[in-house]
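Read the structure below first, then the notes.
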Amino acid sequence: MSDLRELYQDVILDHNKNPRNFKILDDATNHADGYNPLCGDKLAVWVKVKEGVVEDVAFKGTGCAISMASASMMTQTVKGKSVVEARRLFDAFHGLVTGKETAVDAVELGKLEVFSGVSEFPVRVKCATLAWHTLNAAVDGKQDTVSTE
Ligand code: ZN
């Protein structure tokens, strides 16, 4: 794990220790489960969508620090945003953690920039994107567990 030390910046450690929106959302309109068999990260995402806007979002799960911190920060980032904006953010975030250029420009990732180091560790990309894949599945109304494999 020592090669991952530089990834574990304060923000990631803080969100892993005290994940935000870590609860079951009782009035959720959508829900999906996500699983990353490569690392063992498992999480469930609940989202309340009203008129195309993510009014509320929450998650629960277990996994490595990156998967938990990413889920926590995903909920903070997309809350109050439109579903369209949330998808654009995911595209931009995916570009950030894979180190690939995306067609998405003018997307402000803000604090999510702390995950830029993940691009150095391809195996961790799935940890960082699991929450976002699961969010997409929830919004799309998919019932099956999303697997990163
Ligand atoms: Zn992981």
Side-chain angles (χ1 to χ4, degrees), residues 1-50 52-99 107 109-149:
M1 294 293 277
S2 61
D3 58 337
L4 293 172
R5 196 168 299 138
E6 64 193 87
L7 274 178
Y8 293 158
Q9 298 174 40
D10 291 347
V11 179
I12 292 176
L13 287 173
D14 174 55
H15 277 267
N16 176 52
K17 206 171 161 191
N18 303 299
R20 318 302 199 272
N21 303 302
F22 191 80
K23 61 185 178 187
I24 294 169
L25 203 63
D26 289 327
D27 59 348
T29 55
N30 301 59
H31 161 257
D33 295 310
Y35 178 46
N36 173 18
L38 215 61
C39 179
D41 311 314
K42 263 184 186 168
L43 52 86
V45 170
W46 288 268
V47 59
K48 184 182 175 187
V49 179
K50 204 174 168 189
V53 173
V54 178
E55 283 202 335
D56 208 356
V57 54
F59 83 104
K60 286 205 96 163
T62 54
C64 66
I66 291 174
S67 66
M68 290 297 109
S70 176
S72 172
M73 292 174 77
M74 178 278 287
T75 62
Q76 284 193 315
T77 305
V78 303
K79 201 167 175 173
K81 300 249 180 9
S82 71
V83 169
V84 174
E85 278 177 288
R87 286 192 205 278
R88 283 168 53 92
L89 279 161
F90 178 28
D91 286 344
F93 181 73
H94 197 268
L96 176 80
V97 297
T98 54
V107 174
L109 283 169
K111 278 188 191 169
L112 295 176
E113 297 277 356
V114 298
F115 289 97
S116 62
V118 170
S119 63
E120 306 286 320
F121 304 93
V123 75
R124 294 276 145 181
V125 169
K126 288 171 178 176
C127 302
T129 55
L130 178 63
W132 291 87
H133 283 297
T134 312
L135 170 76
N136 265 0
V139 168
D140 290 341
K142 294 204 177 110
Q143 299 298 322
D144 297 332
T145 299
V146 192
S147 176
T148 55
E149 291 301 301

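Heavy-atom basis, side chains included; hydrogens, waters and symmetry copies ignored. The model shown is predicted, which means the values in this text are computed figures rather than measured ones.
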TODO: Could you walk me through whether Asp140 and Arg87 pass the salt bridge (Lys or Arg N to Asp or Glu O under 4.0 Å) test, one step at a time?
DONE: CA-CA 11 Å; Asp140 290 341; Arg87 286 192 205 278; 2.7 Å; yes
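- Taken to the nearest 0.5 Å, the CZ atom of Phe115 stands 9.0 Å off from the CD atom of Gln9.
- No side-chain heavy atom of Ser72 sits under 4.5 Å from any side-chain heavy atom of Phe22.
- Asp26 meets the side chain to side chain contact (heavy atoms under 4.5 Å, CB included) test with Ile24; sequence neighbours excluded.
- Of all heavy-atom pairs between Val139 and Asn30, the closest is O-ND2, 3.6 Å.
- With contacts defined as side-chain heavy-atom distances shorter than 4.5 Å, the pair Met74/Val78 qualifies.
- Heavy-atom minimum distance, Val45 versus Phe59: CG2-CB, 4.2 Å.
- Here Thr98 pairs with nothing under the side chain to side chain donor-acceptor pair (under 3.5 Å) rule; sequence neighbours left out.
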**side-chain contact (heavy atoms from CB on, under 4.5 Å) assessment of Val97 paired with Arg124** = CA-CA 9 Å; Val97 297; Arg124 294 276 145 181; over 6 Å; no
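- With sequence neighbours excluded, no residue forms a side chain to side chain donor-acceptor pair (under 3.5 Å) with Asn16.
- Here the closest non-hydrogen pair linking Gly63 and Met68 is N-CE, 3.5 Å.
- Proximity of Phe93 to Leu96: side-chain heavy atoms (C-beta onward) are separated by under 4.5 Å at one or more points.
- Between the side chain of Glu120 and the backbone N or O of Gly117 there is no donor-acceptor pair closer than 3.5 Å.
- Looking at Thr77 and Leu89, their side chains come closer than 4.5 Å, going by heavy atoms from C-beta outward.
- Rounding to the nearest 0.5 Å gives a distance of 10.5 Å between CD of Glu55 and CG of Leu25.
- Val53 is not listed as a side-chain neighbour of Lys81, based on a closest heavy-atom distance of 4.5 Å or more.
- Shortest non-hydrogen contact noted between Lys23 and Ala58 is O-CB, 3.3 Å.
- The two residues Leu109 and Ala92 make their nearest non-hydrogen contact at CD1-O, 3.9 Å.
- Residues Phe90 and Asn136 meet the side-chain proximity criterion, which asks for heavy atoms closer than 4.5 Å.
- When every heavy atom of Arg20 is checked against every heavy atom of Thr75, the shortest pair comes out as O-OG1, 3.6 Å.
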Exercise. Step by step, work out the side-chain contact (heavy atoms from CB on, under 4.5 Å) result for Asp33 and Leu43.
Key: CA-CA 6 Å; Asp33 295 310; Leu43 52 86; over 6 Å; no
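- With sequence neighbours excluded, the residues that form a side chain to side chain contact (heavy atoms under 4.5 Å, CB included) with Tyr35 are Pro37, Lys42, Thr145.
- Heavy-atom neighbours of Asn18 CG from other residues, nucleotides or ligands within 6.0 Å: above the threshold of 12.
- Scanning for side chain to side chain donor-acceptor pair (under 3.5 Å) contacts around Asp27 gives Lys48, with sequence neighbours left out.
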Which atom pairs, donor and acceptor, lie under 3.5 Å between side-chain atoms of residues 126-134 and protein residues at least two apart or in another chain?
unit_1, atom_1, unit_2, atom_2, d
Lys126, NZ, Glu149, OE2, 2.9
Thr129, OG1, Val125, O, 2.9
Thr134, OG1, Leu130, O, 2.7

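- Using a 4.0 Å cut-off between charged side-chain N and carboxylate O, Lys50 and Asp56 make no salt bridge.
- No side-chain heavy atom of Trp46 sits less than 4.5 Å from a side-chain heavy atom of Thr29.
- Listed for the Asp41 side chain is a donor-acceptor partner under 3.5 Å among the backbone atoms of Cys64.
- If you check the side chains of Ser116 and Glu113, you find no donor sitting under 3.5 Å from an acceptor.
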